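Right, I'll just put the structure down here and ask away after.
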Amino acid sequence: MQTEYINAFDVVVGVLWRFWPVWVGLVLVMGVSFAYKKRLGLYGQLFDSGVGIAGVGICLFWLFTAIFASTVSPFDPLAQVSIMKDTLPGAIEPTSKLIYYFGGDKLARDVFSRMVYGSQIVLIIAPAATGFALMVGITLGLPAGYYGGKIDTLLSFLANLVLAFPVILLFYLLVTPGIMDTPIPYAMAGLFFLFPIIFFSVLFWTRYKNRPDRLYILLGVTLVVGGWIYSGLVFDKDPLKIVHIDPNQLNIFVAVVFASSPGVFRIVRGLTMDIKTRDYVAAAQTRGESPWYIMLWEILPNARGPLIVDACLRIGYTTILLGTLGYFGLGLAPESPDWGTAIKDASRLLRSFIHPALPPTIALMSFVLGLNLLADSLREQSMKD
């Protein structure tokens, strides 16, 4: 049976139409954000520059694409239709009459649908892993910079030890398939995932220890929600079956947190050593505030600018890293629609068919570009502050 095609103009129009829920979400969020930007603090200030608007727009585009992936995508990313193998963009699937807008790959899967669903994997792992790395780096970097001495020496030595190891080799060792047969990933996950619970417990304790009515509520919520997420991520024992992570994704998650935490630690340590000499820190010490109160409620808020910028850059770096691991066939399952795996699969046939490699490549590039623009705008605003 001969495959039918639509023309290039209809392909472009069709792709734009498939993203209709994304456009609606973008218009609503960007419109409201621009209208109330003066009330939205640092986020609202991003809309004062073209770079900030572009960065927010690109990041929101991929966020809404991940959220509405099932609506945007016309096919299951793993579905195979043999007649659509290596078809060019605009091919019409004969049974459903739906269109392979970006063509089919070597396994007869829809390239467009795989690109769309690949955004879910990137936007789940990269920001979440970066968030946990921030929790680890902040929790250890604050006391190292504030106290100094033996604590600083020990923690700095451990951080430098990890940073001295070649990153790509470190990831290769941590995400190889055989590592999942050992307790190492689960032990590391059990350790790293404790840090958010510890961080928020200490945060609320130092702030509300003289107000037990509010303290007990906040600590209870922290322990219940934190324990629920912890049991789902580490032990896969979520009673509600909501919090779950595949073993391969847990492997990558732990590797990213382990490799990124030392960098965050060094930034937080340096900022703390600078900020602790300020007058408002001395005033808090004179009032008799505890060291952890000063670290969490005086120093950390004044270090938020550089940390937010670093977080955006780290998410971009992690996105590239996920693509690199997928390209080398490490971490995620071979049939995964993540962008790195899609690029790897398409690269083997580049001389014959280039179209399967372009969508995931452009998607990866555009998302990282959006994060870099967002970081640039945030850096400008933090310098003004």
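These figures come from a predicted structure and were not determined experimentally. Basis for what follows: all heavy atoms, side chains included, without hydrogens, waters or symmetry-related copies.
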Once you measure the plane-to-plane angle for Trp62 and Trp339, does it fall in the parallel (<30°), tilted (30-60°) or perpendicular (>60°) bin?
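Aromatic pair Trp62/Trp339 classed perpendicular.
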
Between Asp152 and Arg269 (salt bridge meaning N to carboxylate O under 4.0 Å), is one present in this structure?
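Yes, Asp152 and Arg269 are salt-bridged.
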
Close side-chain approach of Lys85 to Leu107, heavy-atom, < 4.5 Å
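Lys85 vs Leu107: side chains apart.
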
Return yes when atom CZ of Arg287 has more than 12 non-hydrogen atoms of other residues, nucleotides or ligands closer than 6.0 Å, and no otherwise.
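Buried by this count: over 12 neighbours within 6.0 Å.
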
Once you measure the plane-to-plane angle for Phe68 and Phe64, does it fall in the parallel (<30°), tilted (30-60°) or perpendicular (>60°) bin?
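If you compare the ring of Phe68 with that of Phe64, the planes turn out parallel.
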
Would you check, one step at a time, whether the test side-chain hydrogen bond (donor to acceptor under 3.5 Å, both in side chains) holds for Tyr43 with Ser33?
CA-CA 8 Å; Tyr43 170 73; Ser33 299; 2.7 Å; yes

Residues, nucleotides or ligands: over 12 heavy atoms within 6.0 Å of Tyr216 OH
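Check fails, neighbour count at 12 or below.
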
Is there a side-chain hydrogen bond (donor to acceptor under 3.5 Å, both in side chains) between Arg18 and Tyr101? Walk through the geometry before answering.
CA-CA 10 Å; Arg18 294 299 310 186; Tyr101 289 103; 5.3 Å; no

Could you go through Phe61 and Trp23, starting from their C-alpha distance and side-chain angles, then the distance that decides it, and tell me whether this counts as ring pair (Phe, Tyr, Trp, His ring centres under 6.0 Å)?
CA-CA 8 Å; Phe61 172 85; Trp23 305 131; 5.5 Å; yes

So, do Pro77 and Asp110 sit near enough that their side-chain heavy atoms are less than 4.5 Å apart?
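Not touching, per the 4.5 Å side-chain cut-off.
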
Would you verify whether the NZ or CZ of Lys37 falls within 45 degrees of the ring axis of Phe34 while also being under 6.0 Å from that six-membered ring's centre?
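Yes, Lys37 lies over the aromatic ring of Phe34.
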
Salt-bridge contact Glu335-Arg114 (side-chain N to carboxylate O under 4.0 Å)
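Answer for the salt bridge query: no.
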
What distance do Ile198 atom CD1 and Thr222 atom OG1 have between them, rounded to the nearest 0.5 Å?
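Here the interatomic distance stands at 12.5 Å.
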
Spacing of Leu313 atom CG and Leu378 atom CG [to the nearest 0.5 Å]
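Leu313 CG to Leu378 CG: 9.0 Å, rounded to 0.5 Å.
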
Would you say Asp213 has more than 12 foreign heavy atoms packed within less than 6.0 Å of its CG?
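Counting other residues, nucleotides and ligands, CG of Asp213 exceeds 12 neighbours.
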
Determine, using ring centers only, whether Phe132 and Phe193 are less than 6.0 Å apart.
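Yes, the ring centres sit under 6.0 Å apart.
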
Can you find a heavy atom in the side chain of Leu307 that is under 4.5 Å from one in the side chain of Ile138?
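They are in side-chain contact.
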
Treating Asp274 as the side-chain partner and Gly270 as the backbone partner, does any N or O pair qualify as donor plus acceptor under 3.5 Å?
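Here the side-chain-to-backbone pair does not exist.
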
What is the ring orientation for Phe102 with Phe112, classed by angle as parallel under 30°, tilted 30 to 60°, or perpendicular over 60°?
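Phe102 and Phe112: perpendicular rings.
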
Taking the ring of Trp297 and the ring of Trp205, is the distance between their centroids below 6.0 Å?
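Centroid distance Trp205-Trp297: not below 6.0 Å, so no.
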
Show your working on side-chain hydrogen bond (donor to acceptor under 3.5 Å, both in side chains) between Ser96 and Glu93 and close with a plain yes or no.
CA-CA 6 Å; Ser96 64; Glu93 200 276 314; 2.6 Å; yes

